[in-house]
**Q** 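Here you go, one structure.
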Number of protein chains: 2
Amino acid sequence: MDGVRRMTKLQEFAGGGGARPAVPFKTLAARLREQIADDIVRGALPPGIALEELELAKRFDVSRTPVREAIRLLVASGLVEARPHRSAVVARATEAQLAGMFEALRELESLCAGFAAERMTAPEQADLRRVHGALQRVVRAGDPQRYHELNEQFHSIIYAGCHNDYLERLTIETRARIAPFSRAQFRTLGRLARSHAEHEAIVRAIMDGKAERAAGAMKAHIGSVHDAYATYRGG
Amino acid sequence: MDGVRRMTKLQEFAGGGGARPAVPFKTLAARLREQIADDIVRGALPPGIALEELELAKRFDVSRTPVREAIRLLVASGLVEARPHRSAVVARATEAQLAGMFEALRELESLCAGFAAERMTAPEQADLRRVHGALQRVVRAGDPQRYHELNEQFHSIIYAGCHNDYLERLTIETRARIAPFSRAQFRTLGRLARSHAEHEAIVRAIMDGKAERAAGAMKAHIGSVHDAYATYRGG
DNA sequence: GCCCGCAAACTTGCATACAAAATGGCATAC
DNA sequence: GTATGCCATTTTGTATGCAAGTTTGCGGGC
């Protein structure tokens with residue numbers, strides 16, 4: 001790119017980090033996809049913003065080719081929209097689409113919870129209780145950011161607990177797809193407490209092995225998250 | 001490619017067809033994705049087969065670039081697996097993965113049916129009845145191929161009837177993802193008749209606006225499809 | 001002042017060239 | 001005869017050049 005040919009470039013990328021010894025090897029495109037997807041989900045790249053190939057290429061010091069491939073990957077996953085000869089943009093969503101995604105997420109998470117109640121192993125249950133306990137402490141401490149992190153763990157444990165890789169993947173992807181639009185939902189301490197109370201019902205149902213109750217509790221939980229978000233957005 | 005520069009190449013592709021006047025314009029990559037995805041779903045490209053870039057490029061008379069982009073699109077959708085520096089292959093699945101996908105499809109279709117019972121418009125309902133009637137005639141005639149086509153229409157109408165674009169898309173993609181593995185399920189006339197009888201219960205529940213009954217009937221239907229497939233595959 | 005048309009600049013789409021890694025075959029050592 | 005390591009071949013990964021399409025802004029006309 002500037003005279004000196006740097007070795008492989010695959011080793012050095014990885015977000016400016018150091019050497020990564022036993023990594024299975026990833027293409028530039030794969031890493032770019034992760035990086036950009038992360039930026040979108042975290043909100044650094046908000047919906048509607050243009051993803052110009054040359055700009056991204058310069059930022060990551062690669063050519064347009066892997067950038068283009070990364071964008072194609074993101075397009076297929078739904079996080080990015082692309083139209084021919086126009087810059088790809090971070091996916092937007094109408095209110096109706098967002099409501100649809102929330103509804104789908106509610107049902108997917110509900111399914112996961114139901115299966116988790118029937119299938120989680122003892123270690124998985126222990127892990128769920130552990131994170132649930134940690135969440136309780138965070139609620140008392142009133143730390144929304146930390147709550148957000150642990151909350152994601154909580155839900156992820158339940159996704160994995162359904163013991164259905166495909167369903168787990170669908171749910172994770174749906175959550176990621178909604179994330180860019182719902183980044184402000186846990187701002188109030190009131191919601192934190194309420195969220196945790198809802199978790200309590202879910203955990204109990206799972207521990208008791210009551211699939212329907214777990215599914216119902218999760219459905220109510222996600223529904224209330226959606227309501228909180230809709231209220232927030234509405235005014 | 002061979003001296004004479006052919007105009008745009010975007011117009012002429014499209015599967016050897018003629019001029020396509022009012023088409024919104026699609027990139028080569030997008031068309032290749034459709035073509036390859038179709039070949040995978042239809043079984044022309046069975047699971048495990050390698051998708052060599054140069055070979056595909058030659059077959060479609062394009063360069064490797066759009067082929068690669070098409071493959072990336074397919075990778076993200078799950079129809080194709082790729083590992084660095086290895087040919088991409090049509091996605092395979094273990095028995096466990098396949099079972100998981102069937103389970104997910106069962107739940108997704110069940111959700112669609114439930115919502116459809118509550119939300120389908122009168123024209124949509126009429127369309128469903130129309131296809132259902134056509135299916136009955138095909139069962140009597142004993143035409144598995146035609147049954148397969150109409151059966152897809154039948155289910156697609158219900159997907160659309162849930163009035164949730166995202167859920168519809170998830171369900172369609174899941175069905176496509178399973179298709180390469182379940183292409184031999186409607187070989188017996190007995191299954192045709194049974195399948196149609198199950199449809200009957202679904203249609204009635206939807207027409208009556210009974211969401212739970214519709215969901216349950218659909219769940220039973222997909223479950224029986226899966227059983228038939230598992231039996232077929234098992235021996 | 002506003003609208004329309006045109007052209008320049010910019011961005012993406014595709015092709016091609018080259019680099020790097022994996023595969024397969026062959027020779028060699030045991 | 002088998003295993004192992006090396007080299008040629010093949011295939012993917014990345015960079016770059018050029019063509020085509022879109023956007024934008026300017027100038028002229030109304």
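Keep in mind it's a predicted model, so treat the numbers as computed, not measured. Each chain gets a letter, A, B and so on, in the order its sequence line appears, and its residues count up from 1.
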**Q** Rounded to whole angstrom units, what separation is found between the CZ atom of R64(A) and the P atom of dA15(C)?
**A** 14 Å

**Q** Taking donor-acceptor contacts at under 3.5 Å, does the side chain of R83(A) reach the base of dG21(D)?
**A** no

**Q** Give the residues of residues 65-78 of chain A touching DNA chain D, defined as any heavy atom closer than 4.0 Å, sorted by residue number.
**A** T65(A), P66(A)

**Q** Not counting sequence neighbours, which residues clear salt bridge (Lys or Arg N to Asp or Glu O under 4.0 Å) with R146(A)? List them please.
**A** E149(A)

**Q** Output all residues satisfying salt bridge (Lys or Arg N to Asp or Glu O under 4.0 Å) with D165(A), sequence neighbours left out; order by chain, then residue number.
**A** none

**Q** Report the residues that fulfil salt bridge (Lys or Arg N to Asp or Glu O under 4.0 Å) with E118(A), sequence neighbours left out, ordered by chain and then residue number.
**A** none

**Q** Identify, with sequence neighbours excluded, every residue that meets side chain to side chain donor-acceptor pair (under 3.5 Å) alongside S87(A).
**A** none

**Q** Partners of H155(A) by ring pair (Phe, Tyr, Trp, His ring centres under 6.0 Å), sequence neighbours excluded?
**A** H199(A), H221(A)

**Q** Please enumerate all residues that pass side chain to side chain donor-acceptor pair (under 3.5 Å) together with T174(A), with sequence neighbours excluded.
**A** Y166(B)

**Q** Can you sort out the partners of E109(B) under salt bridge (Lys or Arg N to Asp or Glu O under 4.0 Å), two or more places apart, ordered by chain and number?
**A** R175(B)

**Q** Shortest non-hydrogen contact from V41(B) to A176(B)?
**A** CG2-O, 3.9 Å

**Q** Roughly how many Å is it from CG in L28(A) to C1' in dA15(D), rounded to a whole number?
**A** 11 Å

**Q** Distances under 3.5 Å between protein N/O atoms and the N/O atoms of nucleotides 7-11 of chain D, please, pair by pair.
**A**
{"residue": "dT11(D)", "atom": "OP1", "partner": "E52(B)", "partner atom": "OE1", "Å": "3.1"}
{"residue": "dT11(D)", "atom": "OP1", "partner": "E52(B)", "partner atom": "OE2", "Å": "3.3"}
{"residue": "dT11(D)", "atom": "O3'", "partner": "S87(B)", "partner atom": "OG", "Å": "3.3"}

**Q** Nearest whole Å is fine: how far is dT14(D) P from F60(A) CZ?
**A** 14 Å

**Q** Just say parallel, tilted or perpendicular for the rings of F102(B) and H226(B), cut-offs at 30° and 60°.
**A** parallel

**Q** Between dT16(C) atom P and K58(B) atom NZ, what is the distance in whole Å?
**A** 13 Å

**Q** Q125(A): which residues meet the side chain to side chain donor-acceptor pair (under 3.5 Å) condition with it, sequence neighbours left out?
**A** none

**Q** According to the Watson-Crick and G-U wobble definition with distances under 3.5 Å, which dot-bracket string, read 5' to 3', encodes DNA chain C, using [ ] for crossing pairs and | for pairs with another strand?
**A** ||||||||||||||||||||||||||||||

**Q** Please determine, for the side chain of T27(A), which listed nucleotide (dC14(C), dG13(D), dT16(D)) has the closest atom?
**A** dG13(D)

**Q** My understanding is that only residues two or more places apart in sequence, or in another chain, count here; which of them pass side chain to side chain donor-acceptor pair (under 3.5 Å) with R169(A)?
**A** E173(A)

